[in-house]
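Written out below as structure tokens is the structure these notes cover.
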2 protein chains.
Amino acid sequence: MSHTLGIRQAQKLKTRQALLDAALGLLEEQSLSSLGLREVTREVGVAPTAFYRHFRSTADLGVALVEEALGSLHPMIRTIVSSSGDSDQRIERAVGLIAQHVATHPAHVRFIARERHGGVQSVREAIQDQLARFADEVKVALTKDPVSAGWTDDDLLMLANLYVDQMLMTASLFLDVLEAPEEERRRVTQVATRQMRLISIGRDHWLD
Amino acid sequence: MSHTLGIRQAQKLKTRQALLDAALGLLEEQSLSSLGLREVTREVGVAPTAFYRHFRSTADLGVALVEEALGSLHPMIRTIVSSSGDSDQRIERAVGLIAQHVATHPAHVRFIARERHGGVQSVREAIQDQLARFADEVKVALTKDPVSAGWTDDDLLMLANLYVDQMLMTASLFLDVLEAPEEERRRVTQVATRQMRLISIGRDHWLD
DNA sequence: GGAGTCAGTGAACAACTGTTACCACAACTG
DNA sequence: CAGTTGTGGTAACAGTTGTTCACTGACTCC
């Protein structure tokens, strides 16, 4: 079933990935709109012109990075949102998963937080698209929950968006304290958990 | 009481403001980390070297822009948070005020949303500082509210931060639909209002 | 095994960048 | 009114940028 790539195509993918990795590294300390193509190729150790074999522009590379950073996140979203247990347990698990993801993929998270409102339109749109898909998945999961009985479709989507935004806010918070002492990180975990809980309480009493 | 400035100092302030305005304009379509000092001076019609008479670097200019964009916003925060009426009325007034502010100062709002997680550290820090001050003001106002009886200090700050983040999210939403048809903007207003309301409901039942 | 494909190279281009040192001249200060 | 201050201007610097063109040579396919 699995189609083994030719040597040529494999090498191309390798270079492409090296460009993506190098760019992601450089983007830790600047925004995409100031990332130069020469900067990236220099980092990889490849001629500037080679860049064009993989991307039309740095904006194009940015869109690919969005795919890499968010595309593979859908399973996790589903895990978070469809896990069992009571409300508090699920929230704690969700916050834990977010913290873990930030710890293992800090550059990806930083990139998304930065470019979500960044200076490159096509990348902004790619991120909004993915986030809208996340919100849709969350909404589908919410619909299945008995708590959602009596909710309108609009309100379910409204809540789903609130959850998605809150997850991003939380991820960004964790990013800020990545190198901070354990105590500080515990504090952030607690704040994020309680904010989620408050939203959850609001949800429980929405139809009162 | 009012100290009239000399011709010289007045002219300097005028040039400085022109630089800030030009930069803000240019930043509608790029991030601060890619803003060149020559770009700004060219826009104003002044020699590149004149820039140094006002700012050490574009990052320095960015910090000044944060002051301009957020410094004058504290009165509005206080108006929103200490207005009278029942919960729903206050929320509707708040969302209205946010919408109005986005409509009158779109470039400022865009700048803050963009650079909050942007590539220039000093600017990020300046924004975080101001937002922390906002959260503190909101917390003070919340403390005075009878609904907050029995709340811990930590939880009040937690809620205040949630409110501040939500205001920014809402502002960013309004920014995205600034040029959209009235119907779309009404939809956004409704979503923002309901999200605020849900949070407010969660607040009412926090101590259950 | 021979022809063709194509990822990556190297050189050159015009245009741009931040920063320096020095100068002009209007506005302030005594 | 003489002398100082300081905003803004000019010219030049060494580097950088994106993009083009013609090229090499290892892999692919028939």
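Computed from a predicted model, the values in this text were never measured in an experiment. Chain identifiers are assigned alphabetically (A, B, ...) following the order of the sequence lines, protein sequences preceding nucleic acid strands; residue numbering begins at 1 within each chain.
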Take B:Arg8 and B:Thr15, find for each the nucleotide of DNA chain D with the closest heavy atom, and name the residue whose nucleotide sits nearer the 5' end.
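Per heavy-atom nearest nucleotide, the more 5' residue is B:Arg8.
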Test B:His117 against A:Ser172 for side chain to side chain donor-acceptor pair (under 3.5 Å), laying out the working first.
CA-CA 8 Å; B:His117 303 106; A:Ser172 165; 3.1 Å; yes
Just how far, in rounded Å, is [atom2] of [N] from [atom1] of [X]?
X: A:Ile7; N: C:dG8; atom1: CD1; atom2: C1'; value: 16 Å
X: A:Leu13; N: C:dG8; atom1: CG; atom2: P; value: 10 Å
X: A:Glu39; N: C:dT17; atom1: CD; atom2: P; value: 16 Å

Taking all heavy atoms of A:Leu173 and all of A:Val188, pick out the closest pair and write down the distance.
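What the structure gives for the nearest pair is CB-CG1, 3.9 Å.
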No-H, no-angle donor-acceptor pair, B:Arg38 side chain to C:dC16 base, under 3.5 Å:
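Absent.
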Any base atoms under 4.0 Å from A:Arg56, or only sugar-phosphate, or nothing? Heavy atoms, all strands.
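No contact.
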Both distances below 3.5 Å, Watson-Crick or wobble geometry, any strand: find the nucleotide opposite C:dG30.
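Because both required distances fall under 3.5 Å, C:dG30 counts as paired with D:dC1.
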Pair [X] + [Y], salt bridge at N-O below 4.0 Å:
X: B:Asp21; Y: B:Lys14; result: no
X: B:Asp176; Y: A:Arg124; result: no
X: B:Asp153; Y: B:Lys139; result: yes

In terms of the nearest nucleotide of DNA chain C, which residue is placed more toward the 5' end: A:Arg16 or B:Gln9?
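Mapping each residue to its closest nucleotide by heavy atoms, the 5'-most match is A:Arg16.
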When you look at A:Glu39 and A:Gln30, which way does the side chain to side chain donor-acceptor pair (under 3.5 Å) test go after all the steps?
CA-CA 12 Å; A:Glu39 212 176 337; A:Gln30 62 182 312; 2.7 Å; yes
Using rotation axes that map the C1' atoms of four end pairs onto the next four (five pairs an end), what angle separates the end axes of the helix from C:dG1-D:dC30 to C:dA12-D:dT19, to 10°?
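Inter-axis angle at the termini of the helix from C:dG1-D:dC30 to C:dA12-D:dT19: 10°.
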What residues in residues 46-54 of chain B put a non-hydrogen atom under 4.0 Å from any atom of DNA chain C?
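Only B:Thr49, B:Tyr52 qualify.
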Evaluate the criterion side chain to side chain donor-acceptor pair (under 3.5 Å) for residue pair A:Ser34 and B:Ser34; output intermediate values, then yes/no.
CA-CA 4 Å; A:Ser34 67; B:Ser34 66; 5.4 Å; no
Measure the acute angle between the ring planes of A:His101 and A:His105, then classify it against the limits of 30° and 60° as parallel, tilted or perpendicular.
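Ring orientation of A:His101 relative to A:His105: parallel.
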Working note: A:Ser148 + A:Thr143, criterion side chain to side chain donor-acceptor pair (under 3.5 Å); need CA distance, chi angles, decisive distance, verdict.
CA-CA 6 Å; A:Ser148 304; A:Thr143 307; over 6 Å; no
Got a donor-acceptor contact below 3.5 angstrom from the B:Arg186 side chain to the B:Pro181 backbone?
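Checked: no pair found.
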More than 12 heavy atoms of other groups within 6.0 Å of A:Glu29 CD:
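No, CD of A:Glu29 has 12 or fewer neighbouring heavy atoms, counting only those of other groups under 6.0 Å.
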Of all nucleotides in DNA chain D that come within under 4.0 Å of a heavy atom of chain B, which is furthest toward the 5' end and which toward the 3' end?
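Span of nucleotides near chain B: D:dT5 to D:dA12.
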